[in-house]
Amino acid sequence: MSVEHLKLETMAFKSNVIAILEIIPIGRVMTYGTLAVAAGKPGNARQVGELLRGLSITTDHPWQRVINASGRISTYKIGTGELQRALLEAEGVRFNASGRCDLQRLRWFPND
DNA sequence: AAAATGACTTTTT
DNA sequence: CAAAAAGCCATTT
């Protein structure tokens, strides 16, 4: 495989992630890991996070619908996770006392 | 080119 | 159940 091809592959991965991100229904969530799987690169959860960081929060993308595998907010490491939580609560996502949401019920996958 | 990094995840304490 | 360790992999130093 050529280096060029690999580069195109990661570019495709990134646009896939964005495309999927855009169609996550309001009030539903995806984890970094499953989003990576849906975009065609299992094991690349961290790279999904990297990409989302690049979107720099103020965009129109529904970045708030991506959370970690334990059902919690992960953005506190780069800023305040309060914003993400508020945005999610505004669309109906509830969080329990330990900061977790019901992943079993709210997890979404294309073709759910 | 080797080592560190990190919006992660899974397994093991 | 919470915390630590180990695994992971593209990107950045």
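Letters A, B, ... are given to chains in the order of the sequence lines, protein chains preceding strands, and every chain is numbered from 1.
Both A/Gly33 and A/Glu50 lie near DNA chain B, and the one whose nearest nucleotide falls closer to the 5' end is A/Glu50. Projected onto DNA chain C by closest heavy-atom contact, A/Arg53 and A/Pro42 fall at different nucleotides, the more 5' of which corresponds to A/Pro42.
In this structure, A/Met11 atom CE and C/dA10 atom C1' are separated by 15 Å, rounded to whole Å. A/Asn44 places its CG atom 15 Å from the C1' atom of B/dT5, with the value rounded to the nearest Å. Atom CD1 of A/Ile78 and atom C1' of B/dC8 are 14 Å apart (whole Å). Computed from coordinates, the A/Leu35 CG to C/dC9 C1' distance equals 16 Å when rounded to whole Å. Distance, A/Glu9 CD to C/dA10 P: 9 Å, rounded to whole Å. We find that CE of A/Met30 is positioned 16 Å from P of B/dC8, with the value rounded to whole Å. Distance, A/Ile67 CD1 to B/dC8 C1': 13 Å, rounded to whole Å. Protein atom NZ of A/Lys77 is 9 Å distant from nucleotide atom P of B/dG6, rounded to whole Å.
Side-chain contact check for A/Met30 versus A/Phe109: some heavy-atom pair is nearer than 4.5 Å.
For the OP1/OP2 pair of C/dA10 and a distance below 4.0 Å, the side-chain nitrogens and oxygens of A/Thr10 include no atom meeting the criterion.
Under a 4.0 Å N-O distance rule, the pair A/Arg85/A/Glu89 qualifies as a salt bridge. Between A/Arg28 and A/Asp112, at least one side-chain nitrogen of the basic residue sits less than 4.0 Å from a carboxylate oxygen of the acidic one, meeting the salt-bridge criterion.
Distance from the side chain of A/Lys14 is smallest to C/dT11 among B/dA7, C/dT11, B/dG6. Considering only side-chain atoms of A/Arg46, the nucleotide from B/dT9, C/dG7, C/dT11 that sits closest is C/dG7. For A/Ala69, whose side chain is taken as the heavy atoms from C-beta onward, the closest listed nucleotide among B/dT10, C/dA10, B/dA7 is B/dT10.
Nucleotide B/dT9 has C/dA6 as its partner under the Watson-Crick or G-U criteria, with both atom distances under 3.5 Å.
A/Arg100 comes within 4.0 angstrom of sugar-phosphate atoms only, judged by non-hydrogen atoms across all strands, and of no base. When heavy atoms are screened at a 4.0 angstrom cut-off, A/Ser98 is found touching no nucleic acid atom at all.
The backbone N or O of A/Arg100 sits nowhere less than 3.5 Å from a side-chain atom of A/Arg72 that would complete a donor-acceptor pair. Panel note: side chain A/Gln84, backbone A/Val66; a donor-acceptor pair is recorded below 3.5 Å.
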